[in-house]
Amino acid sequence: MGELRFVHMADLHLGYRQYNLTERLKDFGKAALHATEKALEYEPDFVLVAGDIFHDSRPYPGAIRQALQIFTKFRDAGIPVYAIRGNHDASYARSERLGGDALHLLEDVGLITYIRDKVVTFEKKGKPKACICGVGYYGRNTEQKLTEVLKQNKALLEEKGVLKILMAHVFIEGMVPQYDISAYILTQENFDYIALGHYHGYFRDDNARLYAPGAIEHTSVSEWDDPDRGVNLVTATPQIKAKSWTVDVQRLTVPTRPKKAFEINLGVIEAHEVEPQAREVVKQHDEPGAILRGVLRGRLRGDTFAFINTSNIGTAATQALLCNITNELETTTLSIKEEATFEEVIEEVLRKQLGIKKTAVKTWKLLVTDMMEILKENQPDTVSKALERLDKFTTPKKKRSKKPKRTHAQEVEQ
Amino acid sequence: MAKTKSTNPCIGNVIGEARPSMVYVVVSRELIRQKPLEIGEFVAISYPEQVIDSPVLGMVTKLSLQNIEIPESLIRGPESFERLGPLGDLSQGEVLVAQVRIVGYIDNGILILPRFPPVPGAKVRRAPLKILQQVFGHGHIRLGVLRANREVEVRIDVNEMVRRHIALLAITGGGKGNTVAVAITQIIKMGGSVLVIDPHNEYHTLKEKRKKQVVIFSETGDASKGIRPIQFKLDNFGTYDLFDILRIPTNATKQRALLRLALHKVQGSAWGWNELTSAISEVADEENKYREQVIALKERMIEARELKIFDKSREIPLSTISGISLVKPRQLSIISLSGLRLEVQQAIVKRIAQKVYHGGIAWRTEAQTDKIACPTLLVVEEAHNFAPAQTFAASLEILKRIAAEGRKFGVGLCIVSQRPGKVHSDVLSQCNSFVVLRIVNPFDQQQIRQSAEAITEDLIEDLPGLNVGEAVITGSILRAPALVKIDKFVGKLGGDDVDIVGAWSTATESLASGKKSAQDYDSDSDPF
């Protein structure tokens, strides 16, 4: 008995014209093609596609042509492809009603085996047998559907010495807050490999045998954290004695278009200064062919309703494919006097807030600064100086101002 | 009513100072040698018909028997009695006095406590069956029969049991397991949902005859026997839970600090032991210290990692439509915790209780996700370990919350313990009903007295005198407190006493025969 080798890919999203750019449409096709070519190098026994081959349930002919191109490569190499329905591919009801979906089409031309909530077996001379249980996208009802499918195919799944694979297009607990199914349910039937789609990040839990290769290209900014994209290459070796299989999972990454998110920190700024300054920052981040995303940060001075032309800022990136700028500048209704010194601020507080007379402000100000020094780093010299100042306050006849000083003095003593 | 009055003959009369709640009754002398009154037996006291036209129930709480014709001052020994012989039949002087606590009378199906005492001299009869059945037989499930009136079924109100919690207290071997089994199997039959925390693997045998209704979860699980693994997502446990699970003492501040930093690092994405381990090393590298602590933490993690319980991505679902889950109508879920360290047990109980409690809130607010499918009863065996009075337990806080607020969210608590004195009073005092079997320890009796308002002194005094399988039941699950003979559970129970001497002798026999054929010794029939 030899080993079995297969490729697990998911979420190709062919036909996705992201940002309304034809280049992105091509990107998704290219990424899938790269992955296919890379996969072929390893001569896998079969290929799994865990849903969302297409981005749209009514794919454009262009997207279909991409799919034909990719899956023909596998067919020419004699490698069977097993696919399930993702949420983007088609809805179950629509597919039933309208006489099939795009995956049916691929199956009709003999490029894939479309697993519609059933178990299929992979058999090849001189190779161990594998059975693949595939459940399409049913969201929260996946669990019910899965239980049904497992029940109907009990005999097939209980066969000994067979590699058992489950393929599903779901979010499991922990991937997103509103998950579809608990991983506990998926692992109950002791599958040797659980091939997941739908989650666009890379996920693996070797203990639970849960794997998601992630989307083949970044479909949203939230996925940019992980710049790598790719597919899983799985080698499964039977352990005759233990009646189980060991699986070795390797991630094959594919090159994708560079993406970069950055912040444009502008500090406190006048509205008219935003554009030239931000453009400078954008220029620094410019990269050929890249997708850039800049976020304006800082505080706008003065006019609250100033219009910031973000698209104009984006054009500073001349080499990038696209540069999106988001405006997250804060505005304030109070005009800020930026040049004010600390002393001026203290003076204003003493006079306006506490109502201290102009003549006394100077002494108060010194007292305050001393106090701050003391609080900062307990210096004996300043302490005595401050005490002297307090003394000056207490000795004159002015009774009104006595009380607050006491408390200050106590503080100093402490 | 007049008919029932006439069926039972008068057995005695109220004497002395009668109070609305307590009277003394002189009982007919003939009864002493025929069918004496028992403690716990119910009697019917006649009130003036214009006041209360139905008989008022009372329970015998104390009995005293004297003989006024035997002057104690003259008795020196057996010869004194011989000398008294010629005086005639001494039994003529016997006086049997019963202390009777008034339970109340039925009016329109409700039990009402009279506000005034019966008249001295009022007739007392044995309680009519019909009335007893009205009082004790109206609940949903049968727990047993009245100890003194075996023909009267005692049925308890399950609504009250789940809504207002229940405590089941007894010494080991007092019949706790039996009582729980009798109750929960009937609740399941009703379509209810029960979750049992089973630290001693006592209830696994319930599955034998109820394959579909009973789901057992254990540490390792066993697919061939249909036993499911206990699994919880590691990232659902907090920093302090992990300190407990990994047994990091409070004085190991550096290890704690390192673990805290590592946890901070892994947060935000799915993580398991592997990710945590590498985060620990990374933090140590970044901080350029904690070298020894890295080793120490990894050592501590070995044991915890061997348990399959703490997983990266798998967690037993709370409620599912078709798959395995904790809370489901007509399902008894048994969480078998045997063989696990107490800290780990507590962490698991905490997680389960949290899930159920939050699920209850979600159920009540009709949220879309993570809600319980139906109200559920959480049975906590060995409750003194999970809600202890003095020591710390991770599970204490959440059990307190369920005890205090659970009823609003359809989560009932059944506290089972042989050491009520060691159960946290915030938990015990929230239980509205008590089923108390034999309790001998005075400290435990004290705790019961403080927690259970409905239990009166005289019942407490009775506790050590109960036989196995006999219980005092008080609180809202029954209309009136009663001494009950609990039914014997039909079927095998894991907590049944082991016949030690018998097991020794069979073991010796098989040892002897084992010399002839070694295979016999390994066979399943051997208890060891």
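Residue numbering restarts at 1 for every chain, and letters A, B, ... go by the order of the sequence lines. Just so we're clear, the structure is a prediction, and the values are computed from it rather than from any experiment.
In terms of modelled atom types and a separation under 3.5 Å, the side chain of Q144(A) and the main chain of I321(B) share no donor-acceptor contact. Listed for the S182(A) side chain is no donor-acceptor partner under 3.5 Å among the backbone atoms of I316(B).
Applying the side-chain hydrogen bond (donor to acceptor under 3.5 Å, both in side chains) criterion to Q231(B), with sequence neighbours excluded, gives no partner residue.
Counting heavy atoms of neighbouring residues, nucleotides and ligands inside a 6.0 Å radius, atom NZ of K209(B) does not exceed 12 of them. Atom CZ of F262(A) sits in a crowded spot, with more than 12 heavy atoms from other residues, nucleotides or ligands closer than 6.0 Å. Within a 6.0 Å radius of CZ in R140(A), other residues, nucleotides and ligands contribute more than 12 heavy atoms.
Contact count versus chain A (heavy atoms, under 4.5 Å) is highest, among P229(B), S325(B), G221(B), A223(B), for P229(B).
With a threshold of 4.5 angstrom between heavy atoms, K312(B) approaches chain A through its backbone and through its side chain. For D370(B), the part sitting under 4.5 Å from any heavy atom of chain A is the side chain, from C-beta outward, and nothing else.
Annotation: residues 219-231 of chain A contacts chain B through no residue [non-hydrogen atoms, separation under 4.5 Å]. Applying a 4.5 Å heavy-atom cutoff, the residues of residues 170-181 of chain A that approach chain B are I172(A), E173(A), G174(A), Q178(A), Y179(A). For residues 204-212 of chain A, a heavy-atom distance under 4.5 Å to chain B picks out R204(A), D205(A), N207(A), A208(A), L210(A), given by residue number.
Smallest separation of non-hydrogen atoms from S322(B) and T147(A): OG-OG1, 3.1 Å. Of all non-hydrogen atoms in Y184(A) and E315(B), the two that sit nearest each other are CB-O, 3.0 Å.
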